[in-house]
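In what follows, chains are A, B, ... by sequence order, proteins preceding strands, each numbered from 1. In what follows, every heavy atom counts, from backbone to side chain, and hydrogens, waters and symmetry copies are set aside.
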Amino acid sequence: MNREGRGATAPGAISNSAPATFTGNRALDLEEGLLFEIGRTEVTGVDLDEPDAFALRLGGLERTAPLGLPGLSEPEAMRHYVRLSRMNYGIDSGLFPLGSCTMKHNPRLNERMARLSGFADLHPLQPVSTVQGALGLIDELCRWLLELTGMAAVAFTPKAGAHGELCGMMAIKAALAARGDARSVVLVPESAHGTNPATAALLGYEVRSIPARADGTVDPESVKAALSPEVAALMLTNPNTCGLFERNVVEIAAAVHEAGAYFYADGANFNAILGKVRIGDLGVDAMHINLHKTFSTPHGGGGPGAGPVVLSPALAPFAPLPAVVADADGLRLVETTDAPETAQALGRMCAFHGQMGMFVRALSWMLSHGADGMRQASEDAVLSANYIRASLMDLMSAPFATRPAMHEALFDDAWLEGTGLTTLDVAKALIDEGYHPMTVYFPLVVHGAMLIEPTESESKASLDLFIAALRDLALAAKAGDMARFQGAPYYAPRRRLDETRAARAPVLRWTAPAPVPRAAE
Amino acid sequence: MRYLPLTPEDRAEMLARVGASAVDDLFADIPADKRLTDLPDLPLRKSEMAVERTLARLAARNVPAGSVPFFVGAGAYRHHVPATVDHLIQRSEFLTSYTPYQPEIAQGTLQYLFEFQTQVAELTGMEVANASMYDGSTAAAEAVLMAHRLTRRDTAVLAGNLHPHYAETIATVCAHAGQPIRALSPNPGGEDDLAAAIEASASCIVVQTPDVFGNLVDLRPIAEKAHAVGALLIAVVTEAVALGLVEPPGAQGADIVVGEGQSIGNALNFGGPYVGLFATRQKFVRQMPGRLAGETVDAEGRRGFVLTLSTREQHIRREKATSNICTNSGLCALAFTIHLSLLGEAGLTRLARINHAAACDFADRLAALDGVSVLNACFFNEFTIRVPGDAAALVERLAQKGVLGGVPYSRLAPAAGFDDLILVAATETTTPEDRAAYAAALKELLP
C-alpha cells in the first residue's frame with residue numbers, strides 16, 4: 001500500500017479554525033446558483049436570425065403568454081454546468097464500489113464511436129437501404145450476446161433493465177396465452193431487486209416471495225413447494241444480490257419447467273460470468289442484459305441505459321417489434337406483425353429501434369475485449385471482490401462467506417453492534433475519505449447490508465487503498481470515534497441532507513420569489 | 001488488455017490472500033458440467049485502432065442525415081445542437097456518475113434535474129414534471145397507467161392521429177396488463193370531433209399535438225369534455241420545439257403532458273437514446289411515475305437537492321410501486337436542459353419561428369407541383385403531402401436521388417389504407433436550396 005504524498009491527518013483532527021468565507025465558496029469548491037437565479041428570459045446563447053416576415057399557419061393556436069424560461073450566454077452556460085459537474089462523484093474521480101450497479105471504466109473510444117455521423121446522425125425512419133450499416137451493427141451486437149449466453153433470440157428494443165424485465169415477462173405472458181394457459185402467480189426470491197416484483201405486478205401477477213436458505217441462496221425445495229399450475233414464472237437473479245452463484249440453478253430450472261412455468265433471470269450481475277458459463281445452458285428462458293453495467297455504457301447520472309433481452313427457443317417467437325432480418329438484399333427491419341418472423345410478436349416496447357447509441361458503445365467494448373478479454377474481465381471482477389472480502393473479514397462481518405463471492409462482497413452490520421453506529425454512518429464517513437459509498441441496505445435479506453462491487457477496473461494499489469480506508473474506519477468505529485461518523489460527511493459539497501423535509505412538503509421546481517414590497521417613500 | 005489494470009503478479013498475490021490456488025476455484029459454485037472450458041466462439045481482443053476501423057466501416061455504410069437534403073421527422077427531428085452541449089455532457093463527473101442515491105456527492109446531477117423539472121413544467125404549462133422517462137412513447141404508456149390509477153377506470157381512448165408507434169407502445173402495455181383501449185381511426189386532414197369520442201367510462205383520452213400528420217390540435221374542447229365525464233386529457237408532444245410557438249398543452253387544460261425531448265439537445269441516434277418528458281398537476285404528483293428531485297437543506301442549513309417521494313418507487317414499494325421504472329434518461333435530460341438554457345425563451349421562440357417559416361416555404365414549394373397536395377390547414381414544422389401512387393416507393397426513389405424525403409405513412413401503419421401519404425418535416429437545418437432540391441427531385445419522379 002502506498003500513501004506517499006498524501007499528508008497524514010491525525011485521527012480526529014477536523015480543523016474548524018479556518019475562517020468562513022464571505023462568498024460561501026471554498027477555493028476550488030464553488031457554490032452555484034440555480035439557472036433561474038442567474039439567467040434571464042431575454043438572453044440567448046445561440047445566434048439565430050429572425051426569419052423574414054411570413055404569415056403563421058398555426059390555426060390560431062399560437063402561444064399568448066410568456067413561458068418564463070431563462071437563457072444564458074455561452075460562457076455563462078459553460079461555467080454553470082462545469083461548476084455543477086464538480087459537485088458530483090464519478091467513476092473517473094475514484095473507486096465507485098456500488099454493489100449491483102457495476103461501475104466499471106467507461107472507455108472514451110466508445111463515446112467517439114457512438115458519435116460517428118454514420119451512427120449518431122441517422123434517423124430511425126430513413127429508408128432501410130440507407131441504414132444497412134446500422135442494422136448490421138444491431139445484428140452483430142445480437143450475435144455477440146447470443147454467443148455469450150447460448151440463447152436463441154434477442155429482443156433489442158428495451159431501454160433499460162426494468163424495461164427489459166417488462167419485455168421478458170410479457171414474452172412469458174404471451175407464450176402462456178398462446179397455449180391457452182392463463183396463470184396468475186410469479187415467484188420472486190426475497191433478495192430480488194425491487195423491479196422484479198414491480199414488473200410482475202404491473203402485468204397483473206400476484207407476487208409470492210421465496211425465502212433464502214441459510215447460505216444466502218435459493219433452496220430448490222422452496223421453489224418446488226411454491227410451484228403449482230398457477231405459477232407463470234420464477235424470476236431469479238444469478239449471480240444473486242448477495243453476490244453468490246445460485247448453485248442449484250439447473251435443478252431449479254428443471255422444476256420450473258416441470259411445472260409448466262418459465263424461468264426469468266435478472267441479468268444485473270452478468271458481469272461475473274462472461275465467458276465462464278452460458279445462461280442458456282442453465283435452463284433460463286429470458287434474461288435482460290444491462291448494457292450500462294456489464295458492457296460499460298456510461299450510467300450518466302441515472303441513464304440512459306439499455307436492456308436487451310435474450311430469449312430461449314420457447315420464447316423467441318414472441319420477441320417484440322421490430323425485428324432485424326437478413327435476406328438476399330441485405331438486412332431488413334420488420335416493423336409489423338404481418339410477416340412470418342413476427343406473427344407472434346408481443347407488440348412494441350417503444351417507438352423506433354431501441355438504444356442505438358448504447359449498442360454502438362457496447363459493441364465497441366466487446367470488440368475491444370474480445371472473447372479472451374471478456375473472460376479475463378469477469379475473472380478480475382470476481383477476484384477483486386473476493387480479495388476485498390478476505391481483506392476485511394476480520395474487522396467487518398461477512399454473511400455467507402463460506403461460499404466464494406462472485407463479483408461483489410456482501411457485509412452486514414453485525415460488526416457495528418454496540419458501537420451506536422449504523423451502516424449509513426459508515427457510508428457517509430467513506431465519502432469523507434474520498435470514496436463513493438457501497439450499496440447500502442440492499443439486499444434486504446441481511447441487516448444493514450453493505451454491498452461492495454469493485455469491478456475489474458481497479459488496480460491492486462487502488463483496492464489496497466480502499467481496503468485500508470475501510471479498515472481504518474472499522475477500527476475508528478470500534479474505538480468509539482462517533483463524531484467522525486455521525487457528523488459525516490464533513491468535506492462533501494453538502495453535509496447530510498434532510499430527506500424527510502424534502503418529502504413532507506415537496507418543492508419539485510423553482511418558483512419566482514414573491515416580489516418584495518417597495519419600502520415606504 | 002488496456003482496460004484491465006491487474007498484472008499476473010497482482011492476481012497471484014490476491015489469490016494467495018483469498019486462499020485460492022486458481023481463479024477457477026472462485027467459480028466452483030457454477031455446476032462443473034456447465035462451466036465453459038473453451039473461450040466463446042468470438043474474435044479475440046482488438047486495439048483501439050482496430051476497433052475504430054471496424055466500426056467506422058459499418059458507419060460508412062449508412063447515409064447520415066447531414067450529408068443530404070433531409071426531411072424525415074415523424075417523432076424524431078434533426079436540429080442543430082450547439083457544440084457546448086456535447087462537451088458538457090461528456091464531463092466525467094456527469095458521464096460516469098450513478099443515480100444520485102448519495103446526494104452529498106451528487107449535487108451536480110440533482111441540481112440540474114431540479115432545473116430540468118422546472119424547465120419542462122414551464123415549457124408544457126404544467127405545475128410539476130419528473131426527472132425524465134426513457135422516451136416519449138414509454139412516457140405516454142406510463143401516463144395511461146397513471147390515469148387508470150387516478151380515475152380508477154381502465155379504458156383509455158387513443159386519438160386516431162396519435163403516432164402509430166406510440167399507440168402500439170400503449171396498447172402493448174395495456175394488453176398485457178389486461179386493460180382495454182379504444183383506438184380511433186386516423187384522419188390525415190385533421191381529426192373529427194375528438195370531444196364527442198370520449199365515452200363516459202373512459203379513464204383518459206390521449207391526443208397528440210402537432211399530431212402525426214403535423215396538424216395542430218385545439219385541446220380546449222377536448223379537455224372540457226374529458227373533465228365533464230371525469231376523464232383525464234393526456235397531451236402528447238413529439239416535437240418539443242413546437243412549444244416555442246404554440247399554446248402549451250397545460251394552458252389548454254391537459255392533465256398530463258408527455259413528450260419526446262430529443263429535439264432539444266439530442267442527436268437522432270437512429271432512435272435512441274432519447275428523453276421522455278412527463279409533466280402533470282401538483283395534486284397528481286403522488287401517482288406520478290419516475291424519479292423526482294426536490295429541494296431541501298443540509299445539516300448546516302444550506303440549500304441542497306435530493307431524490308424525493310421515493311415511496312412511490314419500486315426499490316421501496318416493490319410490487320405496490322407506481323411503476324417498475326428504475327432509471328431516467330439522465331444524460332439526455334442534461335443535454336436537453338443545457339440546450340434549453342442556452343436557447344432561453346428568446347432563443348426557443350426564434351428557433352420555433354425559423355422552423356415554422358421553413359415548413360411554410362416548403363409547403364408552398366411542394367403544393368406548387370402538379371399532382372401533389374398538402375393536406376394540412378395548420379401545422380408547425382411538419383405536414384403531410386398526398387402523392388400520386390405508392391408513397392413508400394417514391395421515398396425510396398428519392399433516396400436513390402440523394403434526398404431523404406420523409407416518412408411514408410404506410411411504413412408506420414401499413415393497414416390504415418393511406419398508401420399515398422408522406423410526412424415531411426423541415427427544421428432550421430434545411431436550407432432553401434435543400435427544399436428546392438426536394439421539390440425538383442419529386443417533380444422528376446412524378447408521372
Top of [options] for chain B proximity - count of heavy-atom pairs under 4.5 angstrom:
| options | answer |
| --- | --- |
| A:Asn386, A:Asp338, A:Leu116 | A:Asn386 |
| A:Gly118, A:Pro493, A:Pro124 | A:Pro124 |
| A:Gly45, A:Ser457, A:Ala120, A:Pro437 | A:Ala120 |
| A:Glu165, A:His369, A:Lys173, A:Arg112 | A:His369 |
| A:Ala200, A:Gly204, A:Ser391, A:Ser462 | A:Ser391 |
| A:Gly90, A:Gly71, A:Gly133, A:Gly357 | A:Gly133 |

Looking only at heavy atoms and a cut-off of under 4.5 Å, which of [options] has the most pairs with chain A?
| options | answer |
| --- | --- |
| B:Gly136, B:Pro100, B:Gly271 | B:Gly271 |
| B:Glu247, B:Arg61, B:Arg35, B:Arg78 | B:Glu247 |
| B:Thr84, B:Leu340, B:Thr172, B:Asp86 | B:Thr172 |
| B:Val407, B:Asp361, B:Leu88 | B:Leu88 |
| B:Val128, B:Leu26, B:Thr7 | B:Leu26 |
| B:Leu145, B:Leu245, B:Leu243 | B:Leu245 |

Side chain / backbone / both / neither for [X] at chain A, heavy atoms under 4.5 Å:
| X | result |
| --- | --- |
| B:Ala399 | side chain |
| B:Ser341 | both |
| B:Leu404 | side chain |
| B:Leu292 | side chain |
| B:Pro103 | both |
| B:Arg57 | neither |
| B:Val297 | both |
| B:Pro414 | side chain |
| B:Phe270 | both |
| B:Val23 | side chain |
| B:Val285 | side chain |
| B:Met1 | side chain |
| B:Ser97 | both |

Flag, side chain of [X] to backbone of [Y], donor-acceptor distance under 3.5 Å:
| X | Y | answer |
| --- | --- | --- |
| A:Thr199 | A:Thr195 | yes |
| A:Arg375 | A:Lys276 | no |
| B:Glu168 | A:Gly347 | no |
| B:Ser137 | A:Cys350 | no |
| B:Thr118 | A:Trp510 | yes |
| B:Arg411 | A:Leu125 | yes |

[X] vs [Y] aromatic rings, parallel, tilted or perpendicular, using cut-offs 30° and 60°?
| X | Y | answer |
| --- | --- | --- |
| A:His436 | A:Phe96 | parallel |
| A:His123 | B:Phe70 | tilted |
| B:Tyr112 | B:Phe94 | perpendicular |
| A:Phe352 | B:His163 | perpendicular |

For A:Glu74, is it the side chain, the backbone, both, or neither that has a heavy atom closer than 4.5 Å to a heavy atom of chain B?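 Both backbone and side chain.
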Do B:Thr109 and A:Asn88 have side-chain atoms, one donor and one acceptor, less than 3.5 Å apart?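 Result is yes, a qualifying pair exists.
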Nearest 0.5 Å please: distance from the [atom1] atom of [X] over to the [atom2] atom of [Y].
| X | Y | atom1 | atom2 | value |
| --- | --- | --- | --- | --- |
| A:Leu202 | A:Met170 | CG | CE | 7.0 Å |
| B:Glu295 | B:Phe305 | CD | CZ | 5.0 Å |
| A:Ser85 | A:His80 | OG | NE2 | 11.0 Å |

pair B:Asn62-A:Gln126: side-chain heavy atoms closer than 4.5 Å: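 No, side chains not in contact.
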